[in-house]
Amino acid sequence: MDKSYTYIGLMTISSMVFMGCSNGTENIAEPEETEEVASIDENDDALAQHPDDLNEGETILQNAIFTNESTESYYMELRITNEFDEELELKDDTRDINEYVLYDDDVIYSREEHLDHAVGVLYTSNDAERIYNYLEDHLVYESEELLEEGTTNLSAWVGFMRNAIETIDSSNINYEGLEEVNGDPSYKVSVSDEGAMTTFWLEESTFNVRQTETQLHESDQESDTKTTTEVLEFEQNAGPFEEGFFRLEDVISNEAEEGDISEIISDEIEDETGEDY
C-alpha cells in the first residue's frame with residue numbers, strides 16, 4: 001500500500017462524509033522504558049511469532065493489531081472533528097456516527113448512522129451485495145450494486161498500523177507515554193511520514209483504539225488540516241443483527257422514494273453556504 005494512500009484512507013473512513021471529535025486527553029505519565037512496554041504481552045504466542053526488534057511504539061501497534069483483527073462484530077459510537085486553517089476558508093465541523101459491523105469469513109457487512117449530517121440523519125450500509133443510503137429527513141433512499149469490498153473504521157485503523165510497521169522507518173513511530181482518554185489510561189503512539197502525523201491513543205488494558213488524530217500539512221499552502229476521532233463507546237461481539245438490518249429495512253419509511261442523495265446534499269449545502277459541495 002502506498003504510504004500517502006495510508007493517510008488519505010485513514011481520514012477518508014473517518015471524515016469524508018462524517019466528521020467530529022473532542023480531544024479529551026490529559027497527560028498522566030512519562031514514556032516507559034522499552035523493556036516494560038515490550039513485555040506487555042510477553043506470554044502471547046502470537047506476539048512471539050513476530051520480529052523482536054520492534055521499538056516501543058511499534059510493539060504497542062502490533063498488540064493493537066492482534067487485539068482488533070480477531071474481532072467478529074462490533075458496535076462503535078464515534079465523534080469526529082475536522083479543523084481547518086483559516087487560509088483554507090473551510091468551517092470546522094463535528095459529527096457523531098454510530099457504526100455496526102459484522103465480519104463473516106471474508107465478507108464485511110456494515111452500517112453507519114450519521115446522526116447530525118449537514119442535511120439531517122444519513123444512513124449508509126452494505127449487505128455484501130449492495131450499497132444502501134437513506135436520507136431520513138427527506139424520505140429519500142438509493143441503492144446500487146457493491147462493486148468492491150467495503151471497509152470499516154476498525155479495519156482501516158488496523159491496516160494503517162500494519163502498513164506503518166512494514167513501510168515507515170522506526171524512528172518515525174514513537175511511544176509518547178500514557179495519557180488519559182475519557183478516564184482510561186491509554187498508550188499514545190505517533191506515526192509521522194510525508195507531511196502527515198497520525199496519533200493513536202490505545203487503551204492500556206485492551207489495546208482498543210480510544211482516539212486518533214491525523215494532521216496533514218500542505219507545505220505549498222502553509223496550511224494544516226486536523227481530523228480527530230474519539231471512540232465514545234465500543235462493544236465487541238455486538239448483535240445478533242435482525243434480518244434486513246444491513247439493508248436498512250428497519251428505518252426506511254414506506255413513504256420514502258428513490259432519489260439522488262448526493263444531489264440533494266449538494267443542493268442544500270450550496271443553498272446554505274453559497275458554495276459548491
Problem set entry | Short side-chain to backbone donor-acceptor contact, Asn68 and Ala64, under 3.5 Å | yes
For this session: For the pair Tyr75 and Phe234, evaluate ring-ring contact (aromatic ring centres under 6.0 Å, His included) and give the outcome as yes or no after the intermediate values.
Result: CA-CA 6 Å; Tyr75 165 71; Phe234 181 71; 9.3 Å; no
Problem set entry | Enclosure of Glu257 CD (heavy-atom neighbours >12, cutoff 6.0 Å) | no
Exercise. Given side chains that start at C-beta, do those of Thr229 and Trp157 come closer than 4.5 Å, heavy atoms only?
Worked result: yes
For this session: Determine the minimum heavy-atom distance between Leu122 and Ile261, stating which atoms define it.
Result: CD1-CG2, 4.2 Å
For this session: Applying side-chain contact (heavy atoms from CB on, under 4.5 Å), run through Glu58 and Asn55 and close with a yes or a no.
Result: CA-CA 5 Å; Glu58 291 171 314; Asn55 67 21; 3.3 Å; yes
Problem set entry | Short side-chain to backbone donor-acceptor contact, Asp260 and Ser262, under 3.5 Å | yes
For this session: Before giving the answer on side chain to side chain donor-acceptor pair (under 3.5 Å), spell out for Glu142 and Tyr134 the whole-Å C-alpha distance, their side-chain angles and the decisive distance to 0.1 Å.
Result: CA-CA 7 Å; Glu142 60 185 6; Tyr134 178 50; over 6 Å; no
Problem set entry | For Gln236 against Thr67, the heavy-atom pair lying closest together | NE2-O, 4.1 Å
Exercise. Do Glu145 and Arg130 meet the salt-bridge criterion of a basic N to acidic O distance under 4.0 Å?
Worked result: no
Problem set entry | Contacts of type side-chain contact (heavy atoms from CB on, under 4.5 Å), residue Leu232, not counting sequence neighbours | Glu77, Arg79, Glu230
Exercise. Got a donor-acceptor contact below 3.5 angstrom from the Asp184 side chain to the Glu180 backbone?
Worked result: no
Problem set entry | Pairwise distance CG(Asn133) to CD(Glu258) - rounded to 0.5 angstrom | 11.0 Å
For this session: Please step through ring-ring contact (aromatic ring centres under 6.0 Å, His included) for the pair Phe207 and Phe66, ending with a clear verdict.
Result: CA-CA 9 Å; Phe207 291 97; Phe66 295 152; 9.5 Å; no
For this session: Go through Ile173 and Val189 one step at a time and tell me if the side-chain contact (heavy atoms from CB on, under 4.5 Å) criterion holds.
Result: CA-CA 7 Å; Ile173 303 175; Val189 179; 4.1 Å; yes
For this session: Please confirm whether the backbone N or O of Ser190 pairs with a side-chain atom of Asn174, one donor and one acceptor, at under 3.5 Å?
Result: no
Exercise. Any side-chain heavy atom of Leu61 sitting closer than 4.5 Å to one from Tyr175?
Worked result: no
Exercise. Stepwise, does the side chain to side chain donor-acceptor pair (under 3.5 Å) test hold for Ser266 with Glu263?
Worked result: CA-CA 5 Å; Ser266 178; Glu263 184 177 347; over 6 Å; no
Exercise. Can Tyr132 and Tyr141 be said to form a ring-ring contact (aromatic ring centres under 6.0 Å, His included), step by step?
Worked result: CA-CA 7 Å; Tyr132 303 86; Tyr141 72 92; 9.0 Å; no
For this session: Spell out, yes or no, whether Phe200 and Ile65 are grouped together once hydrophobic residues are joined by side-chain heavy atoms under 4.5 Å, including indirect joins.
Result: yes
Problem set entry | Check: Thr212 and Thr199 side chains under 4.5 Å, non-hydrogen atoms | no
Problem set entry | CA sep, side-chain torsions, deciding dist, call: Asn153, Glu99, side-chain contact (heavy atoms from CB on, under 4.5 Å) | CA-CA 9 Å; Asn153 285 287; Glu99 182 184 34; 3.2 Å; yes
For this session: Provide the closest heavy-atom pair for Ser253 versus Leu139 in the form atom of the first, atom of the second, distance.
Result: CB-CD2, 3.8 Å
Name the atoms and distances for all side-chain donor-acceptor pairs under 3.5 Å in residues 238-250, with sequence neighbours left out.
from: Glu243; atom 1: OE2; to: Arg247; atom 2: NH2; distance (Å): 3.0
from: Arg247; atom 1: NE; to: Glu249; atom 2: OE2; distance (Å): 2.9
from: Arg247; atom 1: NH2; to: Glu249; atom 2: OE2; distance (Å): 3.3
from: Asp250; atom 1: OD1; to: Arg111; atom 2: NH1; distance (Å): 2.8
from: Asp250; atom 1: OD2; to: Arg111; atom 2: NH1; distance (Å): 3.4
from: Asp250; atom 1: OD2; to: Arg111; atom 2: NH2; distance (Å): 3.2

Exercise. Given Asn82, which of Thr227, Thr228, Thr94 fulfils the side-chain hydrogen bond (donor to acceptor under 3.5 Å, both in side chains) condition?
Worked result: Thr227
Problem set entry | Non-neighbouring partners of Glu148 that pass side-chain contact (heavy atoms from CB on, under 4.5 Å), sequence neighbours left out | none
Exercise. Under 6.0 Å from the CD atom of Glu235, do we count more than 12 heavy atoms belonging to anything else shown?
Worked result: yes
For this session: Check the surroundings of atom CG in Asp104: do more than 12 heavy atoms from other residues, nucleotides or ligands lie under 6.0 Å from it?
Result: yes
Exercise. Under 4.5 Å between any side-chain heavy atoms of Val231 and Met76, yes or no?
Worked result: yes
Exercise. Side-chain heavy atoms under 4.5 angstrom apart, residues restricted to Ile, Leu, Val, Met, Phe, Trp, Tyr: same cluster for Ile168 and Val158?
Worked result: yes
Problem set entry | Close side-chain approach of Ile60 to Leu202, heavy-atom, < 4.5 Å | yes
Seminar exercise, completed: What one should report as the nearest heavy-atom pair of Thr71 and Tyr103 is O-CD1, 3.2 Å
For this session: Measure the shortest side-chain to side-chain distance between Glu213 and Lys226 over non-hydrogen atoms and say whether it is less than 4.5 angstrom.
Result: yes
For this session: State, to 0.1 Å, how close Val191 and Ala164 come at their nearest heavy-atom pair, and which atoms those are.
Result: CG1-CB, 4.0 Å
Problem set entry | Heavy-atom closest contact (Pro185 atom, Leu178 atom, distance) | C-CD2, 4.4 Å
Exercise. Are Val209 and Ile108 in one and the same hydrophobic cluster, where Ile, Leu, Val, Met, Phe, Trp and Tyr link if side-chain heavy atoms are under 4.5 Å apart?
Worked result: yes
Exercise. Rounded to the nearest 0.5 Å, how far apart are OG of Ser192 and CE of Met197?
Worked result: 4.5 Å
For this session: Please step through side-chain contact (heavy atoms from CB on, under 4.5 Å) for the pair Leu135 and Ile264, ending with a clear verdict.
Result: CA-CA 9 Å; Leu135 200 53; Ile264 294 173; 3.8 Å; yes
Problem set entry | Sole candidate of Glu176, Gln211, Glu179 that passes side-chain hydrogen bond (donor to acceptor under 3.5 Å, both in side chains) when paired with Trp201 | Glu179
Exercise. Hey, are Asn126 and Ser110 close enough side-chain-wise for a donor-acceptor pair under 3.5 Å?
Worked result: yes
Exercise. How about Thr214 and Thr198: does a side-chain donor come under 3.5 Å of a side-chain acceptor?
Worked result: yes
Exercise. Side chains of Thr59 and Glu56: donor-acceptor distance under 3.5 Å anywhere?
Worked result: no
Exercise. Are the side chains of Glu204 and Ser186 in touch, meaning some heavy atoms are under 4.5 Å apart?
Worked result: no
For this session: Can you measure from CD (Glu113) to CD (Glu136) and round to the nearest 0.5 angstrom?
Result: 9.0 Å
For this session: State, without any angle test, whether Glu112 and Asn98 hold a side-chain donor-acceptor pair at a distance under 3.5 Å.
Result: no
